[in-house]
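The structure appears below as C-alpha cells.
Chain A is the first sequence line, chain B the second, and so forth, proteins listed ahead of strands; every chain is numbered from 1.
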2 protein chains.
Amino acid sequence: MKIELYLQQLKEQGFKITPKRKAIIELFSKKKSYLSPQEVLEKLTNNFPGISVSTVYRILEELQDAGILVKIGHEDRQLYYSLCRMPDQHHHHFICRKCRRVEEVDLCNFKEFERFISKNLDCKVENHSVQIGGLCSRCK
Amino acid sequence: MKIELYLQQLKEQGFKITPKRKAIIELFSKKKSYLSPQEVLEKLTNNFPGISVSTVYRILEELQDAGILVKIGHEDRQLYYSLCRMPDQHHHHFICRKCRRVEEVDLCNFKEFERFISKNLDCKVENHSVQIGGLCSRCK
DNA sequence: ATATAAATCGAAACCATTTCGATTTAGGAT
DNA sequence: ATCCTAAATCGAAATGGTTTCGATTTATAT
Ligand SMILES: [Mn+2]
Ligand SMILES: [Mn+2]
Ligand SMILES: [Zn+2]
Ligand SMILES: [Zn+2]
C-alpha cells in the first residue's frame with residue numbers, strides 16, 4: 001500500500017496530516033518489522049530533534065485507532081507496533097522471532113472454533129486473537 | 001484436577017511445598033477466573049498478614065513455569081494468571097469479558113495455518129498463541 | 001490573514017513489576 | 001528429634017515504560 005493511501009485514511013478519520021505522523025507512517029512502511037515507541041523515537045530524532053516521547057506514544061496509538069498500525073503482542077508485555085498491509089479484511093500475523101519481521105497471514109479458520117465452542121461451552125464468542133511465531137524465509 | 005496433583009507436580013519439578021504456594025493453588029482452583037498479582041495478594045492477606053508483594057509475583061511465575069498456571073493476555077498489558085486444567089495436552093482458552101472466567105478449549109486447528117504459511121510465506125512456524133473472548137454461558 | 005480546534009511539548013507523576021541483601025523456613029540427613 | 005543448608009520469603013527501594021496535564025505551537029478551514 002502506498003503512503004498516500006494511509007494519509008488519506010488518516011484524514012478520513014478526522015486526523016490532521018502532520019510531518020511527524022507522516023514520518024512515522026513512512027518509517028513503518030519501509031521497515032517490515034515491529035518497533036517499540038522508544039525505537040520510533042530514536043529513528044525520528046534525526047529529522048525531528050527534540051520530538052517528545054509523549055507525542056510518539058500518542059501518534060502510535062492514533063495510527064492504530066485509524067487501522068494503520070497494529071499492536072504486536074510480545075511476551076515482555078511492552079508496546080510494539082507494525083504497519084498492517086491489509087487493513088480491510090480480517091487476517092492474522094506471522095512474526096519472526098529473529099528479525100521481527102511481520103507478515104500478513106491471509107487466513108482465518110476461526111469458524112471451526114466458533115462451532116466447537118458454542119457447542120461444547122455454550123458461550124457467545126465475540127473475538128479472538130491469533131499470533132504465529134517462528135522464523136521468516138530469510139532467517140530460517 | 002485435585003489440589004494434591006498440582007502439589008505433586010510442583011514437587012516433581014524441584015519446588016518445595018510451602019503454605020503460601022499451596023494457598024495460591026487452592027485459591028485458583030476454587031476460582032475459575034483469572035487474577036492479577038495484586039488480587040492474589042489481597043485474597044492471601046486474610047490467612048497470611050504481611051505477605052510480601054515480591055513473594056506473590058515470584059510464586060505466580062514459578063507456578064506458571066511448573067505448568068500449573070497460565071498467563072492470560074490482556075489488553076491492559078498487565079499480568080494475569082489462571083489455573084490450567086489440562087496441563088498435558090496442547091489447547092487454548094476462552095475468556096469471558098464480563099466475569100473473567102477461563103474455559104479450556106480442547107481444540108486446535110493449527111495444522112491448516114501451518115500448511116498455509118509454509119506454502120505462502122516459506123517460513124518456519126514454531127509457535128502460535130490463540131485466545132478467544134466473549135461471554136460465558138452464565139454471562140451471555 | 002485569521003481563528004480555533006487539534007497537535008505537540010516537556011517535565012513530572014504514575015504504578016506495576018523487579019531487585020537485592022537480610023532473615024526465615026522446608027525438608028533431607030544425621 | 002535436631003541439625004543443616006539451599007530454597008523461600010521479606011521489605012523497602014529502585015526501575016522504567018507509560019501516562020498525564022497545562023502551556024505552547026501548528027494545521028487547516030474560512
Ligand atoms: Mn495485517
Ligand atoms: Mn488450560
Ligand atoms: Zn526473520
Ligand atoms: Zn462469564
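- The aromatic rings of Phe110(B) and His128(B) lie parallel to each other, their planes meeting at an angle below 30°, with 60° marking the opposite boundary.
- For the pair Val53(A) and Gln38(B), nearest-nucleotide mapping onto DNA chain C gives the more 5' position to Val53(A).
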Subject >> Chi angles and distances behind the side-chain contact (heavy atoms from CB on, under 4.5 Å) call for His93(A), Val102(A) >> reply: CA-CA 6 Å; His93(A) 296 105; Val102(A) 179; 3.8 Å; yes
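- Residues from residues 9-26 of chain A placing a heavy atom under 4.0 Å of any atom in DNA chain C, listed by number, are Phe15(A), Lys16(A), Thr18(A), Lys20(A), Arg21(A).
- When the side-chain hydrogen bond (donor to acceptor under 3.5 Å, both in side chains) test is applied to Lys22(A), no partner is found at least two apart in sequence or on another chain.
- Here Glu61(A) pairs with Lys71(A) in a salt bridge; the nearest charged N to carboxylate O distance falls below 4.0 Å.
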Original post:
Can you list the steps and then say if Ser118(B) with Cys123(B) is a side-chain contact (heavy atoms from CB on, under 4.5 Å)?
Top reply: CA-CA 5 Å; Ser118(B) 306; Cys123(B) 299; over 6 Å; no
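- Helix bend of the helix from dA1(C)-dT30(D) to dT30(C)-dA1(D): the angle between its two end axes, each built from five pairs, comes to 40° after rounding to 10°.
- The side-chain hydrogen bond (donor to acceptor under 3.5 Å, both in side chains) check on Glu75(A) picks up nothing, with sequence neighbours excluded.
- Using a 4.0 Å heavy-atom criterion, one finds that Ser36(B) contacts no nucleic acid atom at all.
- Heavy-atom distances under 4.0 Å link DNA chain D to Tyr57(A) of residues 56-74 of chain A, given in residue order.
- Two residues, Arg77(B) and Thr55(B), neighbour DNA chain D, and the one matched to the more 5' nucleotide by heavy-atom proximity is Thr55(B).
- A continuous path of Ile, Leu, Val, Met, Phe, Trp and Tyr side chains, each step under 4.5 Å between heavy atoms, connects Ile132(A) with Phe113(A), placing both in one hydrophobic cluster.
- A donor-acceptor contact shorter than 3.5 Å is absent between the side chain of Glu103(B) and the backbone of Ile95(B).
- Using a 4.5 Å cut-off between side-chain heavy atoms of Ile, Leu, Val, Met, Phe, Trp and Tyr, with links allowed through other members, Val70(B) and Met86(B) fall into different hydrophobic clusters.
- Remark: side-chain polar atoms of Gln131(A) are paired, donor with acceptor, to backbone N or O of Gly73(A) under 3.5 angstrom.
- The closest donor-acceptor contact from the side chain of Thr55(B) to the backbone of Ile51(B) lies at 3.5 Å or more, if one exists at all.
- Taking CZ of Phe28(B) as the reference point, atom SG of Cys84(B) lies at 12.5 Å (rounded to 0.5 Å).
- Nucleotides of DNA chain D lying under 4.0 Å from heavy atoms of chain A occupy a range whose first and last members, 5' to 3', are dG17(D) to dT28(D).
- In this structure, CD of Gln78(B) is placed 15 Å from C1' of dT18(C), rounded to the nearest angstrom.
- Note on Arg100(B) versus Glu39(B): salt bridge recorded, some NZ/NE/NH1/NH2 to OD/OE distance being below 4.0 Å.
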